[in-house]
Amino acid sequence: MRSFLVAGNWKMHGDSAGIKQLLSDLLKSLPAEPGIDIAVFPPSVYVAQVAADMAATPVAVGAQNVCDQSGQGAFTGEVSAAMLGDVGCQYVIVGHSERRSLYGESSQVVAAKAKAVLAAGLVPVVCVGESDAERENGQTLDVISAQLAPVFSALSGEELKKIVVAYEPVWAIGTGKTASPEQAQEVHAFIRALFAKRDESTAAKLRILYGGSVKAANAATLFAQADIDGGLVGGASLDAKEFSAICRAAE
Ligand code: PEP
């Protein structure tokens, strides 16, 4: 049985006061003991404070990005997975489409980041997804395969057991266009089958999140699909009521 995970990617939004308010509102609207895993992903400068503030709550904390190198060293501007773990972070998003498209992250770099996150004992949330044009051209499943191939090469069987995958069609991120439950389910089932080719039991336990304009109004039908195990939520995670309604839909 897979436990659901609802993850809120705040992207580059918020300030100290706004984040305190958002978390206080969120804690008031979430059940005291949600039957699912919940995590928020603040901008990196706020991760330590949010992790400290959320320590005794059901809300876990993640980072939106990480250095692909482990250890310490001359990597100006970078933050290591170990540093994130040191301040209480549990998850790290790797390969978000904005990082792939705006910052040129290749699938090889994404796989190296996932490896570094695992080495620090944290959980990578590996994002994959096709563009509008790739879907139009019937390339969706090939794109997903190609994005995951370096992950399969870089991670051991034991490491693959510990990751979370997020399917985020690029055309649905921040656009208000959501994949239909059937479109999402088709890709989720395909991803699970790719893992099953390596190991059936890893595939059966793998959590695959859907991301792309998830909101309270569409969460329940998406989460009812057999291979959807929660959501990676952008815009709607900045609204406590909306985000808690999505969490309740997953319960
Ligand atoms: C995201 O940023 O991962 C995302 C899915 O954004 P949104 O929910 O706003 O589409």
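Note that the numbering runs from 1 along the sequence shown for the chain. Counting starts at 1 for both ligands and their atoms, in listed order.
- In this structure, CD1 on Ile19 lies 5.5 Å from OH on Tyr46, to the nearest 0.5 angstrom.
- Take Gln225 and apply the side-chain hydrogen bond (donor to acceptor under 3.5 Å, both in side chains) test, not counting sequence neighbours, and it matches no residue.
- Ile93 forms part of a hydrophobic cluster together with Leu5, Phe41, Tyr91, Val123, Val125, Val164, Leu209, Leu232, judged by ILVMFWY side-chain heavy-atom separations under 4.5 Å.
- Applying the salt bridge (charged side-chain N to carboxylate O under 4.0 Å, His left out) test to Asp53 and every residue at least two apart in sequence or in another chain returns Lys20.
- The protein residues lying under 4.0 angstrom from ligand 1, judged by non-hydrogen atoms, are Asn9, Lys11, His96, Glu168, Ala172, Ile173, Gly174, Gly211, Gly212, Ser213, Leu232, Val233, Gly234, Gly235.
- Enclosure of atom CD in Glu200 is not indicated, since only 12 or fewer non-hydrogen atoms of other residues, nucleotides or ligands lie within 6.0 angstrom.
- Under the 4.5 Å side-chain criterion, counting only non-hydrogen atoms from C-beta, Val40 is in contact with Phe243.
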